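To keep things clear, I will list the structure first and then write my remarks on it.
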Amino acid sequence: MRHVVLFHSVYGLRPAVRAAADRLRAAGHQVTAPDLYGVPATDVVEEGFALLDKIGHEVVLDRARAALHDLPPQTVLAGFSMGAGVAGALLAERPDAAGLLLLHGTGGAPDAVRPGLPVHLHLADPDPYDAPDEVDEWRQAMTDAGADLTVYRYPGVGHLFTDPDLAEYAPDAAAAAWARVLAFLAAD
């Protein structure tokens, strides 16, 4: 059983994020899925970016820190898209994190990685927000820093392919990603 904090995408705290948290809870994990916006989520990506701009990146990070405040140091930092970036940004402040789980986006700076840190990335191939050469550079830097990194690419799917409420949902890729996520969280 793991403690997991699960940060939402730029859309906000959508039903898909709540369902993902419930999926992880059903597997025996303790999951916190905070609302980093404090306003209703949207179904339109441009509106999500407008919300992020209005709320501000620092406020989002402060809310993420507050969500982590009472969680154990060995909490797995996880997130969807923008939330993966939030999880990665907080890694330097949580050096004992049990792992970094990145869905639909890269996150984490190599200088925040401790040797052996388990890191999983699940990403569309290609992904409109993470260019292949940038992902390759990030992968190399994280590996060089000592991360125990596994990257899963999902060909021909949209960016948030695990969200069943979006047009880019890809059920087969989502099922494969969730099976891998559950295996990642079950590993010691």
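Residues take their numbers from the sequence shown, with the count starting at 1. This structure is a prediction, so every number in the text was calculated from the model and none was measured.
In this structure, the side chains of Val119 and Leu101 stay at 4.5 Å or more apart for every pair of heavy atoms. Side chains of His104 and Met82 form no contact here, defined as non-hydrogen atoms less than 4.5 Å apart. Looking only at side-chain heavy atoms (C-beta outward), Val60 and Tyr37 come within less than 4.5 Å of each other. At a threshold of 4.5 Å between non-hydrogen side-chain atoms, the residues His8 and Arg14 do not count as touching. Val135 places a side-chain heavy atom less than 4.5 Å from the side chain of Leu121. The closest side-chain heavy-atom distance from Leu91 to Leu77 is below 4.5 Å. At a threshold of 4.5 Å between non-hydrogen side-chain atoms, the residues Trp138 and Asp130 do not count as touching. Arg25 has its side chain within reach of Asp22: a pair of non-hydrogen atoms, C-beta onward, lies under 4.5 Å apart.
In this structure a side-chain-to-backbone donor-acceptor pair under 3.5 Å is missing from Arg153 to Pro126. Under the 3.5 Å distance criterion, the side-chain polar atoms of Tyr154 are left unmatched by any main-chain donor or acceptor of His159. Side-chain N or O atoms of Arg2 include none that pairs as donor or acceptor with a backbone N or O of Ala186 at under 3.5 Å. In this structure, Glu168 contributes its side chain and Leu160 its backbone to a donor-acceptor pair below 3.5 Å. Judged by distance alone, with hydrogens and angles left aside, the side-chain atoms of Thr75 form a donor-acceptor pair with the main-chain N or O of Pro72 at under 3.5 Å. Put simply, the side chain of Arg63 never gets that close to the backbone of Asp35: no donor and acceptor are under 3.5 Å apart.
Of all the heavy atoms in Pro34 and Leu6, the pair that sits closest is CD-O, 3.5 Å. Minimum interatomic distance between Pro40 and Leu51 (heavy atoms only, all atoms of both residues): O-CD1, 4.0 Å. Contact record, Val31 with Ala21: CG1-CB, 3.7 Å, taken as the closest heavy-atom pair. Of all heavy-atom pairs spanning Gly79 and Ala87, the tightest one is N-CB, 4.4 Å. In plain terms, the two heavy atoms of Ser81 and Ser9 that are nearest each other are CB-CB, 4.0 Å. The two residues Phe161 and Leu123 have their closest heavy-atom pair at CE2-C, 4.2 Å.
Here the OG1 atom belonging to Thr106 is positioned 9.0 Å from the CE atom belonging to Met142, to the nearest 0.5 angstrom. With rounding to the nearest 0.5 angstrom, the CG atom of Leu166 is 5.0 Å from the OH atom of Tyr11. Note that CG of Leu182 and CG of Leu24 are 6.0 Å apart. Values are rounded to the nearest 0.5 Å. Of the inter-residue distances, the one linking Arg65 atom CZ with Leu68 atom CG reads 9.5 Å to the nearest 0.5 angstrom.
Note on ring orientation: taking the six-membered ring where Trp is involved, the planes of Tyr129 and Phe49 are tilted (angle from 30° to 60°). Between His120 and Tyr152, the ring planes are perpendicular. Angles over 60° get that label, and only those under 30° would be called parallel.
The hydrophobic cluster containing Tyr169 does not contain Trp178, counting ILVMFWY residues as joined when their side-chain heavy atoms lie under 4.5 angstrom apart, directly or transitively. The same ILVMFWY cluster, assembled from side-chain heavy atoms under 4.5 Å apart, contains both Val76 and Phe80. Taking hydrophobic clusters as Ile, Leu, Val, Met, Phe, Trp and Tyr residues chained together by side-chain heavy-atom distances below 4.5 Å, Val157 does not share a cluster with Leu103.
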Should Phe7 and Leu90 be marked as a side chain to side chain contact (heavy atoms under 4.5 Å, CB included) after you check the CA-CA gap, both sets of side-chain angles, and the distance that decides it? CA-CA 11 Å; Phe7 298 117; Leu90 296 177; 4.0 Å; yes
Given His3 and Gln74, is the side chain to side chain contact (heavy atoms under 4.5 Å, CB included) satisfied, shown in steps? CA-CA 7 Å; His3 286 269; Gln74 298 81 17; over 6 Å; no
Would Leu61 and Glu58 satisfy side chain to side chain contact (heavy atoms under 4.5 Å, CB included), going step by step from the backbone distance to the final call? CA-CA 5 Å; Leu61 287 175; Glu58 284 307 312; 4.0 Å; yes
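Classification of Asp96 and Arg114 as a salt-bridged pair fails, no side-chain N sitting under 4.0 Å from a carboxylate O.
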